[in-house]
*Asks:* 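Let me give you the structure first, and then I'll get to my questions.
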Number of protein chains: 2
Amino acid sequence: MRWNEIQDIPCSIARTLSVIGDRWTLLVIREAFLGVRRFEQFQKRLEITRHRLSDRLNKLVESGVLRKALYQESPARYEYRLTRKGMDLYPVILAMAGWGDKYMAGDAGPPVEYVHLGCGKKITATLVCSECGEPIDAKSVKPMLGPGLSGLAKKAGE
Amino acid sequence: MRWNEIQDIPCSIARTLSVIGDRWTLLVIREAFLGVRRFEQFQKRLEITRHRLSDRLNKLVESGVLRKALYQESPARYEYRLTRKGMDLYPVILAMAGWGDKYMAGDAGPPVEYVHLGCGKKITATLVCSECGEPIDAKSVKPMLGPGLSGLAKKAGE
DNA sequence: CTTGTTAGTTCTATTTTGGAACTTTCAAAA
DNA sequence: TTTTGAAAGTTCCAAAATAGAACTAACAAG
């Protein structure tokens, strides 16, 4: 199977990967969360080739994670901003940062710490059940067939 | 910058990506969370080339996300199981699934639903502050220089 | 009219993938 | 005792993606 067919798999993880699952894309998004908006800035901070960066930004615009905004006429210059859809990737970023902090940071400690503006404390992101608020992990959650798949199953059975 | 240098960036997201940030790896892990353990099963379910699968599994073992466990002698056969480190990737998976459900599922609805064993309800994973329990998003969290980076800054300044 | 800034393209060489066939080690069946 | 058949890989080659560096375009400022 080729990578560009991956979005066709009826799986939300695969579909998400079809948007953010290639090299550099998530780092571009990380920079966007840190406030970076312009081509040159992305390029310098990430040390990504201009070619690649151009391609990744365009794809992110296509998929609705970023949008281009004119910030200067003559010559026309655009910057890249996170859309709502892009902002909603924050949990993914934070979950990855949390894992990296725990397992990859080494003795030096985490390179970035997160402060919650609500309570003013350093935090780690914690995943909880949307219904009862209890913390959850792999063992406390059971994946079940959802409508997006049972529909297919029905069709196949007809 | 080459991909194999990415782990050297002092960023937990980059370091996490150095482990799970390439094609297929996260889908392999998804299958592992669904209970898949054996080479043939991964291969059939993912339609990944055997070559790639072999490589990905080995790298995941190297990085401590999976471990090999002998399940049959003569001929010796091993299966791949998630370690604690691997299990702890669940928030990443769930965050991605949540985003995919929201933005990529289309009319058919999410392909998989998650039931919390604690309360028995269908849930979406929600990110909350580890200190005060309030839900968090990009705007309510401020990233600050952590020890892993301020150490470097000190060194550079000496 | 030269230099600088920003945002790209183009080119080539190298790496990484994808697809398909082949190998190894044994157990069980014919 | 040859044949079939799992299971878990390897090997080979062609195709695609990536890295690095140089080049281009559209202006503004000096």
*Asks:* C/dA7 base to A/R77 side chain: any donor-acceptor pair below 3.5 Å?
*Replies:* no
*Asks:* Run the salt-bridge test on A/R37 and A/E79 with the 4.0 Å N-O cut-off and return the result as yes or no.
*Replies:* yes
*Asks:* Would the base of D/dA8 count as contacting B/R38 through its side chain, where contact means a donor and an acceptor less than 3.5 Å apart?
*Replies:* no
*Asks:* Would you classify A/S74 as touching base, sugar-phosphate or nothing, given that sugar-phosphate means primed atoms plus P, OP1 and OP2, and contacts are heavy atoms under 4.0 Å?
*Replies:* sugar-phosphate
*Asks:* Could you tell me whether a side-chain N or O of A/T16 sits under 3.5 Å from a main-chain N or O of B/M96, the two making a donor and an acceptor?
*Replies:* yes
*Asks:* Between the side chains of A/E40 and A/R50, is the shortest nitrogen-to-carboxylate-oxygen separation below 4.0 Å, so that they form an ion pair?
*Replies:* yes
*Asks:* Going through the distances and angles, do A/L26 and B/L17 end up as a side chain to side chain contact (heavy atoms under 4.5 Å, CB included)?
*Replies:* CA-CA 8 Å; A/L26 218 47; B/L17 285 171; 3.9 Å; yes
*Asks:* Taking B/K59's backbone N and O only, do any of them form a donor-acceptor pair with B/S63's side chain (distance below 3.5 Å, no angle check)?
*Replies:* yes
*Asks:* Does a nitrogen or oxygen in the side chain of A/S54 sit under 4.0 Å from OP1 or OP2 of C/dT9?
*Replies:* yes
*Asks:* Quick test: give all pairs of protein nitrogen or oxygen and nucleotides 15-17 of chain D nitrogen or oxygen below 3.5 Å, distance rounded to 0.1 Å.
*Replies:*
none

*Asks:* For the pair made of CG in A/D22 and P in C/dG18, what is the distance, rounded to whole Å?
*Replies:* 12 Å
*Asks:* Return yes if some donor-acceptor pair links the side-chain N/O of A/W99 with the main-chain N/O of B/K85 below 3.5 Å, else return no.
*Replies:* yes
*Asks:* Which ones in residues 61-71 of chain B lie close to DNA chain D, meaning a heavy atom under 4.0 Å from one of its atoms?
*Replies:* B/K68, B/Y71
*Asks:* Rounded to the nearest Å, what distance is computed from the CH2 atom of residue A/W3 to the C1' atom of nucleotide D/dT18?
*Replies:* 16 Å
*Asks:* Calculate the interatomic distance between A/L53 atom CG and C/dT6 atom P; express it in whole Å.
*Replies:* 15 Å
*Asks:* Measure from CZ on A/F39 to P on C/dA7 and round the result to the nearest Å.
*Replies:* 8 Å
*Asks:* Could you tell me the separation between the CG atom of B/D55 and the P atom of C/dT16, rounded to a whole number of Å?
*Replies:* 10 Å
*Asks:* Can you check the A/Y78 OH to D/dA26 P distance for me, whole Å?
*Replies:* 14 Å
*Asks:* I need the residues from residues 40-48 of chain A with at least one non-hydrogen atom less than 4.0 Å from DNA chain D; give them sorted by number, or say none.
*Replies:* none
*Asks:* Between A/Y80 and C/dG8, does any side-chain N or O lie under 4.0 Å from OP1 or OP2?
*Replies:* yes
*Asks:* Could you give the NE2-to-C1' distance, from B/H51 to C/dG18, as a whole number of Å?
*Replies:* 9 Å
*Asks:* Would you mind checking if A/R56 and A/D22 are paired as a salt bridge, meaning a charged N to carboxylate O distance below 4.0 Å?
*Replies:* yes
*Asks:* Closest-nucleotide mapping onto DNA chain D: is B/E5 or B/L57 further toward the 5' terminus? I mean the 5' end.
*Replies:* B/L57
*Asks:* Would the distance check show the side chain of A/T83 and the main-chain N or O of A/G64 forming a donor-acceptor pair, the cut-off being under 3.5 Å?
*Replies:* yes
*Asks:* What nucleotide, of D/dT11, D/dA19, D/dA7, holds the atom closest to the side chain of A/W24?
*Replies:* D/dA19
*Asks:* Quick check against the 3.5 Å criterion: does A/Q72 have a side-chain atom that pairs as donor or acceptor with the backbone of A/P75?
*Replies:* yes
*Asks:* If you count heavy atoms of other groups shown closer than 6.0 angstrom to OH of A/Y78, is the number above 12?
*Replies:* no
*Asks:* Which nucleotide, C/dA21, D/dA26, D/dC12, lies nearest any side-chain atom of B/R50?
*Replies:* C/dA21
*Asks:* Could you tell me the separation between the CG atom of A/L27 and the P atom of D/dA19, rounded to a whole number of Å?
*Replies:* 11 Å
*Asks:* Under 3.5 Å, is there a donor-acceptor pair between the side chain of A/S150 and the main chain of A/G146?
*Replies:* yes
*Asks:* Kindly say whether B/I20 contributes a backbone atom to a donor-acceptor pair with the side chain of B/T25 at under 3.5 angstrom?
*Replies:* no
